[in-house]
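Step one of this worksheet: look at the structure below.
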Amino acid sequence: MTTRNPFVAGNWKMNGDIVTNEHLFTALRAALERVSIAQVEVAICPPYPYLGQAGAWLNDTGIAWGAQNVAEAPNGALTGEVSVSMLLDLGCRWTIVGHSERRTLLGETDETVARKVSMCVGGGLGVIACVGESLDEREGGRTEAVLARQVAAIAPALREADPARVVLAYEPVWAIGTGRTASPEMAQQAHAFIRARLLEAGVGGASQMRIVYGGSVKPSNAVSLFEMPDVDGGLIGGASLVAEDFLNICRAAAVA
Ligand code: PEP
């Protein structure tokens with residue numbers, strides 16, 4: 001039996017400023033004193049400009065910090081991009097890649113996502129790789145085909161990866177920021193499918209890789225999702241902007 005420590009990451013998206021972040025970090029630290037999340041690996045992913053601020057506030061808390069995106073090249077003439085080594089320089093342990101907002105609104109393809117995953121694995125930065133189907137795809141019965149395609153694109157980059165530094169995030173697009181959550185059974189089915197596809201694609205470490213669920217996770221639905229055998233935690237958007245909610249979701253991961 002494989003044990004996978006639960007993993008919960010907060011995706012702040014393009015929210016915050018120095019002052020409101022400071023309030024959130026202060027509340028997070030205060031909540032951390034009341035909520036025991038010792039066995040859960042937790043990360044906060046603020047926008048790039050606030051990674052230094054995150055480091056200063058989270059340094060001694062056991063909570064890691066990470067980015068929401070990374071460049072697909074190591075360095076060079078790529079105005080506006082941020083590399084793996086720069087994120088490591090800022091103390092980041094993780095980055096999200098392939099979030100559906102970047103795929104649908106900013107034109108990221110499976111190939112782009114695969115190059116970013118490869119850059120992270122090669123550079124020693126933990127990667128939270130997002131996959132998930134749109135509402136049309138689910139309603140058209142294409143969920144597994146879409147997940148299979150997205151997983152096949154990144155699998156070659158994951159074959160040599162340290163499983164502890166790889167997290168897959170199953171995020172059905174129709175559940176992100178909508179208040180509509182996948183049922184625990186739907187999430188379990190998708191997660192088991194993703195794990196099976198990784199194994200079939202020769203990713204030997206897949207049974208040790210965390211597969212987390214994202215899409216309108218709240219303290220009220222977190223336990224039922226995290227209780228599923230292949231749901232190893234969550235990627236949290238809206239609820240990560242409220243310290244008490246985020247920590248309660250982490251606590252749900254600890255008890256589930
Ligand atoms: C996300 O953006 O990754 C996400 C899961 O958002 P929310 O929790 O707000 O649905």
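We count residues from 1, following the sequence as given. Order of listing sets the numbers, starting from 1, for every ligand and every atom in it.
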Taking the side chain as C-beta and beyond, is there a heavy-atom pair between I211 and R195 under 4.5 Å?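 In short, these two side chains touch, coming nearer than 4.5 Å.
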
What I'd like to find out is whether the side chain of V212 reaches to under 4.5 Å of the side chain of E171, using heavy atoms alone.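 They are not in side-chain contact.
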
Between the side chains of S134 and E137, does any donor sit under 3.5 Å from an acceptor?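 Looking only at side-chain atoms, E137 and S134 do form a donor-acceptor pair, the distance falling under 3.5 Å.
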
Any side-chain to backbone donor/acceptor pair from T20 onto G16? Under 3.5 Å, distance only.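 Such a contact is absent between T20 side chain and G16 backbone.
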
Using a 4.0 angstrom limit on heavy atoms, which residues are close to ligand 1?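 Close residues (ligand 1, cut-off 4.0 Å): N11, K13, H99, E171, A175, I176, G177, G214, G215, S216, L235, I236, G237, G238.
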
Angle between ring planes, W12 versus F25, binned at 30° and 60°: parallel, tilted or perpendicular?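 Judged by the thresholds at 30° and 60°, the geometry between W12 and F25 is tilted.
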
Over 60° means perpendicular and under 30° means parallel, so tell me whether H191 and Y170 are parallel, tilted or perpendicular.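 Plane angle over 60°, so perpendicular.
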
